[in-house]
Visitor: 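Take a look at the following structure, please.
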Amino acid sequence: MLKEYRTIKEVVGPLMLVEGVSNVGYNELVEIEQANGEVRRGKVLEVNRDRVLVQLFESSNGLKIDDSKARFLGRSIELSVSEDILGRVFDGMGKPKDGGPELIPEKRMDINGEPINPAARDYPSEFIQTGISAIDGLNTLVRGQKLPVFSGSGLPHAQLATQIARQARVLGTDSKFAVVFGAIGITFEEAEYFVEDFKRTGAIERAVLFMNLANDPAIERIATPRMALTAAEYLAYEKGMHVLVILTDITNYAEALREVSAARKEVPGRRGYPGYLYTDLASMYERAGRITGKPGSITQIPILTMPEDDKTHPIPDLTGYITEGQIILSRELHRKGITPPIDVLPSLSRLKDKGIGEGKTREDHAPTMNQLFAAYSRGKDAKELAVVLGEAALTDVDKKFADFATKFENEYVSQGYTTNRNIEDTLNLGWELLKTLPRAELKRIHDDMLDKYLPETKEE
């Protein structure tokens with residue numbers, strides 16, 4: 001039997017205090033029914049003896065507490081799931097918003113999920129092809145990995161996100177691949193862009209979209225990524241799918257967390273964010289992975305905009321500690337017209353070595369990757385030197401490296417948002433660029449591999 005109380009004492013912003021309560025749990029769902037029959041929802045945020053603090057999902061405007069009653073439902077927020085969620089668009093709380101029929105659930109799942117036993121985790125080791133050379137060739141994504149994209153305000157992370165969602169696939173496997181897309185605190189225009197792009201390209205057939213808009217309540221923003229991850233866990237671990245979860249924008253999520261923390265009058269941490277921001281982010285990111293004995297997997301690409309392009313800001317800083325690398329978008333490359341403007345040098349995939357090589361991508365992947373990194377870095381140094389001292393200060397070899405850096409950005413990194421390069425094309429393009437350098441300078445590739453892939457440059 002549901003417990004109802006008419007002891008609502010106070011409402012301050014999104015928070016409501018109920019007294020004289022018993023046997024109520026943390027995170028439990030609450031319905032607040034007014035005398036006119038209107039019902040608003042919330043969840044238990046804090047329990048102190050017989051007093052309960054409730055966080056409202058909707059606005060508290062116009063709420064009359066004198067004649068309202070609070071009904072505690074005895075369960076936390078749940079998502080209704082079945083295989084029919086594929087191809088559907090939901091709001092941030094898991095309600096259909098595409099005009100389609102209500103879902104007939106196979107089951108209901110707690111959106112907070114269950115922790116994966118560390119001993120049951122399987123090591124990520126299978127290559128995921130995104131069709132983007134700067135990722136596939138140099139900062140490879142591996143199945144079960146969490147690899148965030150660090151962007152900045154005004155940079156094209158939305159286009160990059162939809163391109164990855166369209167193109168990503170696991171090579172060499174017949175298993176089904178699905179994309180779960182969670183949009184957090186985005187504008188109506190951005191939401192329309194995502195939905196229309198998924199529909200136009202047919203990617204929506206294998207996708208589930210959760211859309212939380214900027215004018216939706218902050219508490220919904222906190223639930224949205226967990227809704228997306230719960231849908232992903234159902235598809236991965238119960239339906240055996242490889243699931244790619246794209247969450248954008250984690251910065252909006254952290255801002256909502258800060259807003260709720262301030263309303264609760266908690267002691268703020270760095271830059272006003274709550275001290276538990278690290279733990280909270282980890283509770284989402286760590287839901288990626290593979291489980292031994294189960295065919296499915298969850299790979300995460302969280303996208304966040306760095307305030308003032310500051311990598312040391314708490315959100316990217318803490319995200320970097322929890323995840324296995326980062327893809328960084330560069331404002332300088334964006335100004336040059338490089339699409340996507342991925343800055344490969346500070347970008348990093350800590351698991352890339354586990355997903356490349358013979359039998360996974362190609363035998364020459366690792367050495368060419370290292371050589372491209374080294375050559376691009378040297379070329380950038382040469383270009384900076386030329387700016388300070390003039391081109392006359394460069395040696396002939398330095399000039400070749402400077403030319404290489406320009407070609408690398410324009411031909412390898414820049415490919416537009418519709419080009420889908422397979423890994424063979426990416427590796428072959430890398431060799432084409434390396435041909436422009438003297439063979440003696442290709443010190444990170446063994447001679448036998450140079451003989452195989454660059455036979456015309458073989459020195460007598």
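No hydrogens, no waters, no symmetry mates; every other heavy atom, side chains included, goes into these values.
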Visitor: Give the C-alpha distance, both sets of side-chain angles, the deciding distance and a yes or no for salt bridge (Lys or Arg N to Asp or Glu O under 4.0 Å) between Asp447 and Arg439.
Guide: CA-CA 10 Å; Asp447 285 341; Arg439 175 169 167 149; 3.8 Å; yes
Visitor: Listing request: all side chain to side chain donor-acceptor pair (under 3.5 Å) pairs with a residue in residues 344-354, at least two apart in sequence or in separate chains.
Guide: Gln145-Ser349
Visitor: Is Lys239 salt-bridged to Glu106, going by a charged N under 4.0 Å from an acidic O?
Guide: yes
Visitor: I need the full list of ring-ring contact (aromatic ring centres under 6.0 Å, His included) pairs touching residues 151-170, with sequence neighbours left out, sorted by first then second residue.
Guide: none
Visitor: With a 4.0 Å cut-off on N to O distance, would you call Arg378 and Asp381 a salt bridge?
Guide: no
Visitor: Salt-bridge test for Glu58 and Arg41: reply yes if a basic N is under 4.0 Å from a carboxylate O, no otherwise.
Guide: no
Visitor: Between Asp110 and Arg75, does any side-chain N to carboxylate O distance fall below 4.0 Å?
Guide: no
Visitor: So, are Glu432 and Lys435 salt-bridged, with charged N and O less than 4.0 Å apart?
Guide: yes
Visitor: Quick one: do Asp317 and Arg271 make a salt bridge, cutoff under 4.0 Å?
Guide: no
Visitor: Aromatic contact between Phe404 and Tyr376, with the criterion being ring centroids under 6.0 Å apart: yes or no?
Guide: no
Visitor: Before accepting this row, confirm whether a basic side-chain N of the pair Glu233/Arg226 lies closer than 4.0 Å to the acidic partner's carboxylate O.
Guide: no
Visitor: Run the salt bridge (charged side-chain N to carboxylate O under 4.0 Å, His left out) test against Glu391 and tell me which residues pass, sequence neighbours left out.
Guide: none
Visitor: So does Glu259 pair up with Arg221, basic N to acidic O under 4.0 Å?
Guide: no
Visitor: Taking only Lys NZ, Arg NE, NH1 and NH2, and the carboxylate oxygens of Asp or Glu, determine whether Lys294 and Glu238 approach each other closer than 4.0 Å.
Guide: no
Visitor: In plain terms, say whether Glu28 and Lys43 are close enough for a salt bridge, that is, a side-chain N and a carboxylate O under 4.0 Å apart.
Guide: no
Visitor: Does a donor on one side chain and an acceptor on the other come within less than 3.5 Å for Tyr26 and Glu46?
Guide: no
Visitor: Centroid separation under 6.0 Å, is that true for the rings of Phe150 and His313?
Guide: no
